[in-house]
Structure formats: structure tokens, C-alpha cells
Amino acid sequence: MRLSRSFLPILRETPKEAEIVSHRLMLRAGLIRQQSAGIYSWLPLGKRVLANIERIVREEQDRAGAIEVLMPTLQSADLWKESGRYDDYGKEMLRIEDRHERAMLYGPTNEEMITDIFRSYVRSYKELPLNLYHIQWKFRDEVRPRFGVMRGREFLMKDAYSFDIDEAAARRAYNRMFVAYLRTFDRLGVKAIPMRADSGPIGGDATHEFIVLAATGESAVFLDKAALDTPIPPADVDFDGDLTPIVAAWTEKYAATEEMHDKAVFEALPEDQRIEARGIEVGQVFYFGTKYSEPMGAKVTGPDGVEHAVHMGSYGIGVSRLVAAIIEASHDEAGIIWPESIAPYRVGLINMKAGDDATDTVCNAIYERLTNAGIEVLYDDLDQRAGAKFATMDLIGLPWQLIVGPRGLANGEVELKRRATGERETLTIDAAVNRLIAG
RNA sequence: CGGGGCAUAGCGCAGUCUGGUAGCGCAUCUGGUUUGGGACCAGAGGGUCGCAAGUUCGAAUCUUGCUGCCCCGACCA
């Protein structure tokens with residue numbers, strides 16, 4: 001994409017409403033625009049990041065055997081009356097009336113709807129296990145939305161729902177999502193640690209929150225340092241096999257949110273192994289048994305010829321929140337530092353003297369070669385001063401900057417800068433292009 | 001939902017106390033000089049001062065009501 005033809009409204013000054021760094025940077029780098037409290041438009045650069053996160057989430061869900069669907073944002077109140085949550089949910093649920101005065105709502109989550117889909121079609125245990133997910137906008141009318149998309153009212157979430165014949169099978173489904181989440185967050189370039197979370201009446205280890213450590217995180221967390229070095233399962237992990245050793249490797253190390261914190265256990269750890277930090281919840285996995293299948297009549301016939309209410313779990317990833325969480329965990333004074341996997345473009349090509357025939361020609365050639373090689377390039381072809389170009393490129397945080405100017409071209413050279421480290425290397429044009437193509 | 005704060009040009013702000021022609025910086029546009037870390041000079045455009053009512057000869061400024069937004073807390077992906 002040529003900068004001259006794109007829409008990248010960057011801000012030099014920080015709008016005053018933005019308090020935390022991710023929010024400031026998202027506004028300044030032109031990722032989002034606030035439309036109302038907790039409600040945002042996604043501008044081109046932000047949209048690309050969101051799409052990249054979605055892509056990785058989707059790949060890992062698919063790998064783990066989950067199947068994508070798409071449910072609507074607006075739901076009928078009837079289903080929620082069946083589960084009893086229409087009255088329980090409270091003011092967080094945005095209630096709407098249509099022209100026929102039917103009670104509707106903007107979905108804050110989809111357990112009821114997915115359970116309805118399931119019960120409409122599935123009759124036999126032979127069709128299990130089943131895990132359906134979608135990536136869709138949710139609305140929760142938060143009392144106090146804040147920190148930009150970190151706690152918005154409208155947010156993009158991946159939510160998966162598993163259906164199994166019994167608790168043992170549901171545990172396996174839980175483990176599949178647990179492992180998928182480890183891989184997903186790792187690929188997104190963040191360290192998200194699964195932590196024991198408050199599971200309400202169900203008890204046990206039926207739920208984990210995946211938390212990214214960041215100073216501006218909303219919750220206090222406590223963990224064993226060893227959790228940070230626990231290996232991430234490989235891409236060829238066998239989701240049909242026994243995943244309990246992987247899950248156990250993570251869950252046996254101490255890691256808990258404030259609500260679940262057990263001081264005695266934590267302090268039994270050697271002092272240099274204890275980490276007290278703050279974190280951002282980016283995902284949660286939850287086993288809740290027959291909480292919805294029972295009241296909503298989602299049953300299958302088992303091998304015993306008897307109908308069983310299915311055991312369910314739900315698994316969420318805050319896709320839009322992740323954008324903010326990743327920035328919180330990866331930025332510096334100058335701006336965002338995108339992990340390669342989700343960067344809106346991999347390379348920022350900077351033409352130091354737009355309008356100069358020689359530099360224009362070289363830039364165009366490089367742009368074409370990289371683009372043809374499938375590399376996403378944002379080409380800064382604007383006629384601006386060097387300082388402004390560097391500042392913009394640092395702000396939007398593309399992993400690589402390829403700097404092309406008359407000074408270097410005199411020797412047939414360009415400069416390649418790594419955003420994360422600031423390292424610069426002077427290379428021939430070919431060497432630089434090949435380096436980027438080689439990855 | 002309790003407490004606090006803010007609302008003036010696209011963005012950041014001054015002016016409000018003490019009523020009297022709406023200002024500054026950045027951004028934008030034009031011309032020129034510049035050109036490797038947010039240039040300089042000259043000129044220009046851009047505002048129902050959040051909305052409504054009131055007080056007054058006169059309201060950004062005083063009064064009342066409303067709305068929007070932000071922060072702290074309680075609550076939550």
C-alpha cells in the first residue's frame with residue numbers, strides 16, 4: 001500500500017481522554033476512532049491488525065477441531081428466558097424492542113443461541129464431540145467502559161462452545177481449547193499465562209483465565225516464575241491424543257489471579273521464584289456441565305439408549321482487547337512495536353526523497369519485488385521530511401523499516417532497521433530485499 | 001451506581017474569577033527557501049464557545065436545567 005493512497009490519520013498530539021499507553025497509541029497511530037463511550041470505529045490500520053489476530057485465532061481453533069459458524073449480534077429474548085438469564089443478566093444486557101414490540105437484545109454472549117442450534121439438530125452421542133465457535137461482536141453495557149478497547153462496551157470476541165456426552169469427554173474438550181489457547185497467544189507474540197480463576201459454584205479447576213502480564217493490567221496476579229518458561233505445544237500436537245500432560249505442566253505451577261490467590265502456597269515457593277505482577281485477561285476457558293443443556297433440553301441419546309443432557313464448556317478470546325493488550329506488552333517511547341505475526345504490514349518502505357527520479361525508481365522496484373514475493377509493504381511515498389517519516393513509521397510500529405535515500409543509493413545501498421531493537425544495517429538493495437523475502 | 005473533573009477551530013490548550021469585536025501552538029491551504037530524526041519565511045482559510053432556558057443594553061464568561069466525555073472506586077471478556 002502506498003501511503004499517498006491510503007487512509008492513515010495519525011495524530012501528533014494525544015487526545016486528552018486517553019489515559020493508558022495502548023489507548024493513546026491506538027488513537028495516535030490511527031487504529032481506532034471513538035464513536036461513543038466504549039464504542040469504536042476501526043480505521044484501516046487497526047482493521048488489518050484485528051484481521052490478523054482473527055486469522056491466527058481461527059487457524060488454531062480449526063487445528064484443535066473447532067468448527068466455525070456465525071451467529072447474529074441481535075437475539076430474541078425468548079432463548080434467554082428459557083435459560084433464566086434474561087432476568088439474571090441485569091443492566092449489562094442491552095435490551096431492544098423491535099417494531100412488533102418483541103423483546104430482543106444485543107448479544108453479550110451466545111450460550112443460549114448455540115445450545116438452541118445444537119438441540120435442533122444433534123440427537124446422538126455418535127455426533128459428539130462437537131465444538132462450534134464464531135468470531136462476532138458482543139455488546140455489554142458496562143457501567144464504566146474505559147481504557148479504549150481494553151474495556152469497551154462493544155467488542156469482538158471469539159467464543160467457542162463444546163458439547164460432550166459426559167464430564168470426562170468434556171474435560172478432553174477443555175484440554176483441547178486449553179492447548180489451542182497456549183498456541184494462539186504464543187503465535188500472537190504475547191506470553192499469556194493460564195491462571196486459576198474464580199469458577200463460582202462449579203469449583204475445582206474448571207476454569208482458567210489466560211493473562212498477559214502488563215504493568216497497566218486490571219488485575220493483580222501471582223505466579224511461579226517457572227510458568228513463564230513452560231514450553232508451548234508444537235503445531236503438530238495431536239489433538240486427538242492425550243493432552244493432559246501438557247495441561248498439567250502448566251496447571252501444576254502456581255499461577256492465580258487475586259480472587260483465587262492462596263498466599264500460603266505462593267509463599268512456599270522460593271522467594272526468587274515468586275512473581276507478583278499485573279495482568280490483562282485475554283481469554284478464558286470454562287467447563288460448566290449441564291447448566292444450559294439441562295434447562296434448554298439439549299440432550300443426546302447415549303450408547304446406553306438413554307437421553308443425556310450434554311456437558312458443555314465455553315471458551316472466549318477477547319480479539320479486540322488483544323490489540324490493546326499486545327500494545328501494552330510491546331511498545332516504547334516512540335510508539336507501537338508489532339509482533340511480526342499480527343503487524344498491519346511487515347515492512348515500511350521509506351522513500352527519503354520522494355519526487356527524486358533515482359530514489360523513486362529504486363523504491364518502486366523494491367516495492368514491486370517485495371509485494372510480488374507476498375510481503376505486505378507500506379510504502380511511504382509522501383514528500384515529507386525525514387524526521388516526520390521516521391516518527392510516523394516508529395509510531396505505527398511495523399517490524400521492519402527499509403530506508404531508501406540518495407545518500408545510500410550513491411553507493412547502491414539502503415538501510416534496514418528493525419523496529420523492535422532499533423538496529424540498523426546498511427545493505428545492498430538486493431541483500432536487503434532478499435533478507436526480507438527470506439524472512 | 002457513589003465520588004471527582006472536563007466540554008472554546010481537526011488535535012492540544014488560553015480566555016471564564018472581574019460580562020464588552022474569539023485567541024495561541026500544532027495541523028490544513030497558497031507561494032518561496034529547505035531536505036537523513038516531527039524545517040523556516042510570508043500569506044490564507046477554518047468556530048451557532050456541548051444544548052436549552054434565564055439575567056443583562058450586551059453572555060464563551062453570571063444563574064438554572066440537560067447532554068456528552070474522562071478519571072477514582074464498586075462491578076466485569
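So you know, we letter chains A, B, ... as the sequences are listed, proteins then strands, and number each from 1. Just so you know, these numbers use all the heavy atoms, side chains as well, and skip hydrogens, waters and symmetry mates.
Put simply, the side chain of K16(A) and the base of G5(B) share no donor and acceptor less than 3.5 Å apart.
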### Query
Which parts of nucleotides 38-44 of chain B does protein reach within less than 4.0 Å, heavy atoms only, written one letter per nucleotide 5' to 3' as B for base, S for sugar-phosphate only and - for none?
BB-----
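Checking the phosphate oxygens (OP1, OP2) of C69(B), a side-chain nitrogen or oxygen of S36(A) falls inside 4.0 Å. Side-chain nitrogen and oxygen atoms of R144(A) include none within less than 4.0 Å of the OP1 or OP2 phosphate oxygen of C75(B). Contact annotation: Q34(A) does not reach the phosphate of G68(B) (side-chain N/O to OP1 or OP2, under 4.0 Å).
The nucleotide whose nearest atom lies closest to any side-chain atom of R146(A) is, among G25(B), C70(B), C72(B), C72(B). Listed candidates were G12(B), C72(B), G36(B). Nearest to the side chain of P15(A) is G12(B). Considering only the side chain of V143(A), C75(B) comes nearest among C75(B), G37(B), G12(B). Closest approach to the E142(A) side chain among G36(B), G12(B), C75(B) is made by C75(B) (side chain taken as heavy atoms from C-beta onward).
Positionally, the nearest nucleotide of RNA chain B for R424(A) lies more toward the 5' end than for the other of H23(A) and R424(A).
For the pair F155(A) and A77(B), the ring geometry qualifies as stacking, because the centroid separation is below 5.5 Å while the planes lie within an angle under 30°.
The separation between E218(A) atom CD and C71(B) atom P is 11 Å, rounded to whole Å.
The pair E111(A)-K291(A) does not meet the salt-bridge criterion, since no charged nitrogen lies less than 4.0 angstrom from a carboxylate oxygen. Salt bridge K253(A)/D229(A): absent, no basic N to carboxylate O contact under 4.0 Å. Salt-bridge check for D159(A) with K138(A): passed, with a basic side-chain N closer than 4.0 Å to an acidic carboxylate O.
Separation of the F185(A) and F210(A) ring centroids falls under the 6.0 Å cut-off.
Within the structure, the ring pair (Phe, Tyr, Trp, His ring centres under 6.0 Å) test picks out the following pairs touching residues 62-85 of chain A (sequence neighbours left out): W80(A)-Y89(A).
Applying the salt bridge (Lys or Arg N to Asp or Glu O under 4.0 Å) test to E68(A) and every residue at least two apart in sequence or in another chain returns R58(A).
Residues L45(A) and I396(A) are in side-chain contact: their nearest non-hydrogen atoms beyond the backbone lie under 4.5 Å apart.
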